[in-house]
Amino acid sequence: MKTIITYGTFDILHAGHINLLRRARECGDRLVVGLSSDEFNQCKHKSSLLNYDNRKAVLEAIRFVDVVFPEQSWEQKADDIRRYHADVFVMGHDWLGKFDFLSELCEVKYLPRTPEISTTEIRQSLGAVVHQVKHV
Ligand code: C2G
């Protein structure tokens, strides 16, 4: 059983997230996902539209995902890799090199991001629609 581990906020789940999760899952037999808590998102200077429980419910419904656990700090990854016996740590290319230090514990892979889609862009388009509606 080859276990893959990845992390993220996964707010307003979109095709970019799905592509990352599918390709991560294809690297092994089981995918465990560290989902950023609402408090940890503040440490990342991010606020998500959907709270942790909502994002968790959506992620657990994705067939590529086997386990979802809370990500509450930057420092927990080494312990998580040991706890889940992870063989491969996967992140999108926007994190290139940031987690190379984990290669002492398991294989570290950075996968290309899906271009032209992001939660930030979706939120901006939603904001524009709301603005238009308000000013009709
Ligand atoms: N992603 C992608 N293509 C996109 C958007 C996102 O491949 N168009 C990938 C990111 O590279 C990341 C994953 O989807 O690997 C989740 O992205 P975010 O929810 O934005 O996660 P982030 O806030 O970067 O959190 O400790 C690590 C952090 O928790 C990562």
Side-chain angles (χ1 to χ4, degrees):
M1 169 75 85
K2 194 172 179 182
T3 297
I4 315 302
I5 192 165
T6 192
Y7 294 79
T9 299
F10 297 106
D11 187 29
I12 319 178
L13 209 73
H14 54 68
H17 296 139
I18 298 293
N19 287 337
L20 188 280
L21 295 167
R22 176 176 44 76
R23 285 174 294 153
R25 181 63 174 73
E26 285 167 357
C27 297
D29 309 299
R30 181 175 76 133
L31 176 61
V32 299
V33 182
L35 181 62
S36 307
S37 67
D38 300 323
E39 299 72 24
F40 182 55
N41 271 332
Q42 282 163 16
C43 302
K44 294 198 295 184
H45 310 295
K46 264 188 156 177
S47 66
S48 60
L49 213 56
L50 300 177
N51 67 16
Y52 178 82
D53 292 341
N54 260 300
R55 291 179 284 120
K56 185 169 184 273
V58 173
L59 213 48
E60 286 177 336
I62 303 297
R63 63 188 163 90
F64 309 119
V65 175
D66 298 284
V67 177
V68 178
F69 63 92
E71 179 188 26
Q72 293 160 312
S73 75
W74 290 110
E75 297 75 28
Q76 70 180 70
K77 290 184 175 69
D79 290 341
D80 297 339
I81 289 166
R82 292 188 196 97
R83 180 178 313 115
Y84 291 102
H85 306 288
D87 303 285
V88 187
F89 172 93
V90 169
M91 286 300 295
H93 218 264
D94 47 326
W95 291 92
L96 188 65
K98 298 280 188 316
F99 299 112
D100 289 357
F101 66 93
L102 295 171
S103 56
E104 289 166 26
L105 299 168
C106 67
E107 188 185 346
V108 173
K109 267 190 175 172
Y110 303 96
L111 302 177
R113 270 177 70 88
T114 302
E116 288 153 27
I117 185 154
S118 74
T119 301
T120 309
E121 283 167 24
I122 295 170
R123 290 180 69 156
Q124 281 159 356
S125 348
L126 281 173
V129 171
V130 170
H131 183 77
Q132 273 171 5
V133 169
K134 277 193 182 152
H135 297 82
V136 164

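Just so you know, ligand 1 is whichever comes first in the structure, and atom 1 is the first atom listed for that ligand. Quantities reported herein were computed from a predicted structural model and do not represent experimental measurements. Values below: all heavy atoms of this structure, side chains included; hydrogens, waters and symmetry mates excluded.
- For the pair Lys77 and Phe89, the cation-pi test (distance below 6.0 Å, angle within 45°) is failed.
- When Phe10, Trp95, Trp74 are checked for heavy-atom proximity to atom 13 (C) of ligand 1, Phe10 turns out nearest.
- In the vicinity of Met91, heavy-atom distances shorter than 4.0 Å reach the ligand 1 atoms 15 (O), 27 (C), 30 (C).
- An N or O contact shorter than 3.5 Å links Lys77 to ligand 1 by distance.
- Residue contact check for ligand 1: Ser36 places a non-hydrogen atom closer than 4.0 Å to it.
- Taking the six-membered ring where tryptophan is involved, the planes of Phe10 and His17 are perpendicular, since the angle between them exceeds 60° and thus also 30°.
- Lys44 NZ, 3.5 Å is the protein heavy atom nearest to atom 28 (C) of ligand 1.
- Here is the list of ligand 1 atoms found below 4.0 Å of a heavy atom in Gly92: 11 (O), 15 (O).
- Ion pairing of Asp53 with Lys56 is absent here, as no side-chain N (NZ or NE/NH1/NH2) approaches a carboxylate O to less than 4.0 Å.
- Checked by distance only, ligand 1 and Thr9 come closer than 3.5 Å through their nitrogen or oxygen atoms.
- Partners of Asp11 according to the salt bridge (Lys or Arg N to Asp or Glu O under 4.0 Å) rule, which considers only residues two or more places apart in sequence or in another chain, are Arg123.
- Remark: the backbone N or O of Ser47 is not paired with any side-chain donor or acceptor of Asn41 at under 3.5 angstrom.
- Atom CD of Glu26 sits in a crowded spot, with more than 12 heavy atoms from other residues, nucleotides or ligands closer than 6.0 Å.
- Not one N or O of Tyr7 is nearer than 3.5 Å to an N or O of ligand 1, by distance alone.
- Among all protein heavy atoms, the one lying closest to atom 9 (C) of ligand 1 is Leu20 CG, 3.9 Å.
- Nearest residue to atom 20 (O) of ligand 1 from Glu121, Lys46, His14, Glu116 is Lys46 (criterion: closest heavy atom).
- Remark: the backbone N or O of Val90 is paired with a side-chain donor or acceptor of Thr6 at under 3.5 angstrom.
- Of all the heavy atoms of Asp94, the ones lying under 4.0 Å from any atom of ligand 1 belong exclusively to the side chain.
- Although no hydrogens or angles enter the test, the distance criterion places a donor-acceptor pair under 3.5 Å between the side chain of Arg55 and the main chain of Thr9.
- Listed by number with element, the atoms of ligand 1 under 4.0 Å from a non-hydrogen atom of Ile117 are 4 (C), 8 (N).
- Taking distance alone, with nitrogen or oxygen atoms compared against 3.5 Å, Pro112 stays at or beyond that limit from ligand 1.
- Distance from atom 7 (O) of ligand 1 to its nearest protein heavy atom, with residue and atom name: Arg113 CA, 3.5 Å.
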Legend entry - CA sep, side-chain torsions, deciding dist, call: Phe69, Ile5, side chain to side chain contact (heavy atoms under 4.5 Å, CB included): CA-CA 11 Å; Phe69 63 92; Ile5 192 165; 3.9 Å; yes
Pairs of donor and acceptor atoms involving the side chains of residues 103-112, under 3.5 Å and at least two apart or interchain, shall be tabulated with distances.
unit_1, atom_1, unit_2, atom_2, d
Ser103, OG, Asp100, O, 2.6
Tyr110, OH, Gly97, N, 3.4
Tyr110, OH, Phe99, N, 2.9
Tyr110, OH, Asp100, N, 3.2
Tyr110, OH, Asp100, OD1, 2.7

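- Of all protein heavy atoms, the one closest to atom 3 (N) of ligand 1 is Thr114 N, 3.1 Å.
- Closest to atom 26 (O) of ligand 1, if we only count protein heavy atoms, is Glu71 OE2, 2.5 Å.
- Protein heavy atom nearest atom 14 (O) of ligand 1, with residue, atom name and distance: His17 CD2, 3.7 Å.
- Side chain of Asp66 to backbone of Val32: no donor-acceptor contact under 3.5 angstrom is found.
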